[in-house]
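Okay, structure first, notes after.
By convention here, the first residue in the shown sequence is residue 1. Atoms within each ligand, like the ligands themselves, are counted from 1 in listed order.
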Amino acid sequence: MQTSRETYVHALGYHWLDRLYDPLIRVSMREMAFKRRLVEQAGIQPGHRVLDLGCGTATLTLLAKQMHPEAVLTGLDGDPRILQIAAGKISRAGLDVQLDCGMSFDLPYPDGSFDRVLTCLMLHHLTRADKVRTLLEVLRTLQPDGELHIADWGKPASRWARVASRLVGKLDGVERLEDNLKGRLPILLQETGYVRVRQAGEFATILGTLSFCSGAKPQ
Ligand SMILES: C[S@@+](CC[C@H](N)C(=O)[O-])C[C@H]1O[C@@H](n2cnc3c(N)ncnc32)[C@H](O)[C@@H]1O
């Protein structure tokens with residue numbers, strides 16, 4: 001089987017850009033606005049176990065914990081170096097958040113571990129095969145009726161968004177982006193067994209159009 005680690009795409013494509021990730025996303029994408037919207041969409045309840053899949057520098061993980069202090073938050077990423085940045089932020093915030101290193105398509109958790117899985121700007125890093133493996137793995141680790149909530153690149157909603165998506169394609173790979181830009185993530189959710197699949201709107205950024213969607217594990 002292809003290991004897929006050989007074709008791993010880091011946060012901004014290259015390790016030397018890691019330290020620039022937070023400032024770049026903050027100024028270019030109105031980051032806190034769309035991450036807040038994703039957390040609100042997820043309907044997290046007190047006591048929920050929540051996974052931030054492909055957490056990167058853990059901005060979303062921390063925001064979810066701040067908005068829902070009684071939820072149990074875990075962030076997972078495949079890149080140990082980006083997790084060092086995340087660990088520093090978590091320690092400075094003084095919040096109780098677990099960080100794990102692992103691959104999205106081979107999650108180190110037992111079946112039914114989470115009530116909610118959030119994933120932001122991660123799925124477009126994956127090949128179609130790894131997107132499918134990841135969606136199946138998330139389904140396994142969700143509780144029955146648990147939900148996956150996604151914010152990621154979607155169909156460009158303007159001519160500018162189409163141009164900007166070429167820059168993202170250069171960093172992260174044109175073929176990996178294709179399913180996103182063609183609006184196929186909800187179809188992949190349906191094909192992998194999710195129910196209540198829903199497109200939940202768009203968000204314009206200067207780097208392209210973000211699309212929100214969600215699906216649930218059958219009861
Ligand atoms: C563009 S960054 C997004 C980080 C964060 N979710 C955010 O919204 O700022 C994508 C992250 O996904 C991680 N990643 C890529 N492929 C992965 C995989 N197969 N499993 C786990 N993490 C992965 C990268 O290391 C990177 O930190």
Atom indices of ligand 1, in the order listed, that fall short of 4.0 Å to a heavy atom of Met103: 19 (N), 20 (N)

Salt bridge check, Arg128 against Glu175: does any charged N sit closer than 4.0 Å to a carboxylate O? no

Who gets closest to atom 9 (O) of ligand 1 by heavy atom: Lys35, Glu31, His125? Lys35

So, does Trp160 use its side chain to make a donor-acceptor pair with the main chain of Ile206 at under 3.5 Å? yes

Taking only non-hydrogen atoms of Asp79 and a 4.0 Å limit, the atoms of ligand 1 in range are 25 (O)

Examine distances only and state if a side-chain atom of Asp152 and a backbone atom of Leu123 form a donor-acceptor pair shorter than 3.5 Å. yes

Can you list the ligand 1 atoms lying under 4.0 Å from a non-hydrogen atom of Gly56? 4 (C), 27 (O)

Less than 6.0 angstrom from the centroid, inside 45 degrees of the normal: does Arg37 satisfy that with respect to the ring of Phe203? no

Whether Asp77 lies under 4.0 Å from ligand 1, heavy atom: yes

Check Leu76, Leu118, Leu83 against Cys55 for a side-chain contact (heavy atoms from CB on, under 4.5 Å) and give me the one that passes. Leu83

Using a 3.5 Å cut-off on N or O atoms only, is Gly54 in polar contact with ligand 1? yes

Polar atom proximity, Leu76 to ligand 1 (N or O, under 3.5 Å): no

Side chain, backbone, both or neither: which applies to Leu126 and ligand 1 if a contact is any heavy-atom pair less than 4.0 Å apart? side chain

Please name all residues satisfying salt bridge (charged side-chain N to carboxylate O under 4.0 Å, His left out) with Glu191, sequence neighbours left out, ordered by chain then number. none

A student checking ligand 1 against Phe105 at a 4.0 Å heavy-atom cut-off should list atoms 19 (N)

With the threshold set at under 4.0 angstrom, would you say Gly102 reaches ligand 1 through any of its heavy atoms? yes

Once side chain to side chain donor-acceptor pair (under 3.5 Å) is applied, what residue pairs with a partner in residues 201-219 remain, sequence neighbours excluded? Asp145-Gln219

